[in-house]
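In what follows, chains carry the letters A, B, and so on, assigned in the order in which the sequence lines appear, proteins first and then strands, with residues in each chain numbered from 1. Reckoned from all heavy atoms, side chains included, excluding hydrogens, waters and symmetry mates.
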Number of protein chains: 2
Amino acid sequence: MDESVMCPRFQKAMGMMSQRWTGLVIYQLLSGPKRFCALESSIGLSGRVLSERLKDLENHGIVKRVVFPETPVRIEYSLTEKGLALEPIVKEIEKWSQTWVPVESDSL
Amino acid sequence: MDESVMCPRFQKAMGMMSQRWTGLVIYQLLSGPKRFCALESSIGLSGRVLSERLKDLENHGIVKRVVFPETPVRIEYSLTEKGLALEPIVKEIEKWSQTWVPVESDSL
DNA sequence: ATTAGTTAGTTACTTTATGTAAGTAATTAT
DNA sequence: ATAATTACTTACATAAAGTAACTAACTAAT
């Protein structure tokens, strides 16, 4: 009946942050530039999806990709100003989790 | 090689918030208790998934479900203390979106 | 020169998640 | 008796994510 009376900016932001892995990619990049394989192994997602997410985040102006033509080639992903501005969100999630998420027995 | 050296509480929290629709359900409930069909129409997700999400959130102690045996029966979903504690996260996403998300031309 | 190794991906195929639409149960209104 | 409402569930279709093997460009070793 309704189909969204919510703010479209907010919905877009939420849609982005609600994509699987996006939050963890940003969290990892908040501690500095990272390479593809470093993200892959620290987050534990498939290369296929990581590649997809990094492209999306680049298209959204949140992540930038820098190629160092060394040997073998090194490519670093880092946050733009827009991406760095996401830090308070990640910090709040971290804070909430420390207070409210139990560690043992999968919280059911 | 690595398989997560991240804090497990943080990862759980992020995993939950990164599920599609979860953030918007919480956002809607932050403005007070809501009924199933109200959430369905304001968010624009399928009843199948809404039902699934509400059960998950209930199991995580974030949402509570209250039955009013009126006629027709009324069921209200609302946030627990743990759920209300998510407000700062949602507010930060809102703030970020107001500053950084463009409205027109799907941000590509 | 051939084989193996590295990084940053991509491709093909499978499994899981989500969407769509119809159905159910309890009740009231016509 | 038929239709309507709310809060779901079920069956089936499509989209997203996981898995594993492959590619391209290069180096290092045999």
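Of all the residues in residues 22-36 of chain A, not one reaches under 4.0 Å from DNA chain D with any non-hydrogen atom.
By the side-chain hydrogen bond (donor to acceptor under 3.5 Å, both in side chains) test, B:Lys64 is found to be paired with no residue, residues two or more places apart in sequence or in another chain being considered. In this structure B:Leu30 satisfies the side chain to side chain contact (heavy atoms under 4.5 Å, CB included) test together with B:Ile26, B:Leu79, B:Leu84, B:Glu87, B:Val90, sequence neighbours excluded. The salt bridge (charged side-chain N to carboxylate O under 4.0 Å, His left out) test applied to B:Glu70 returns B:Arg74, not counting sequence neighbours. Scored by the side-chain hydrogen bond (donor to acceptor under 3.5 Å, both in side chains) test, A:Ser31 finds A:Lys34 as partners (sequence neighbours excluded). B:Glu92 pairs by the salt bridge (charged side-chain N to carboxylate O under 4.0 Å, His left out) definition with B:Lys95, not counting sequence neighbours. Under the rule for a salt bridge (charged side-chain N to carboxylate O under 4.0 Å, His left out), A:Glu58 has no partner lying at least two apart in sequence or in another chain.
Contacts of B:Phe68 with the nucleic acid, taken as non-hydrogen atoms under 4.0 Å apart, are absent.
Residues in residues 23-51 of chain B take part in these ring pair (Phe, Tyr, Trp, His ring centres under 6.0 Å) pairs, two or more places apart or across chains: A:Phe10-B:Tyr27. A ring pair (Phe, Tyr, Trp, His ring centres under 6.0 Å) check over residues 66-90 of chain A, counting only residues at least two apart or in different chains, returns nothing. Screening residues 36-55 of chain A for salt bridge (Lys or Arg N to Asp or Glu O under 4.0 Å) gives A:Arg48-A:Glu52 as the qualifying pairs, with residues at least two apart or on separate chains.
Within the 4.5 Å cutoff, no side-chain heavy atoms of A:Ile62 are placed close to those of A:Asp56.
To the nearest angstrom, P of D:dA7 lies 8 Å from OH of B:Tyr77. Rounded to whole Å, the distance from CD on B:Glu76 to P on D:dC8 is 12 Å.
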Inset, instruction - Using a 4.0 Å cut-off on protein heavy atoms (strictly under), produce a 5'-to-3' string for nucleotides 16-30 of chain D with B for base contact, S for backbone-only sugar-phosphate contact, and - for none. - result: -BBB------SS---
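Taking every nucleotide of DNA chain C with any atom under 4.0 Å from a non-hydrogen atom of chain B, the first and last of them, 5' to 3', are C:dT18 to C:dT28.
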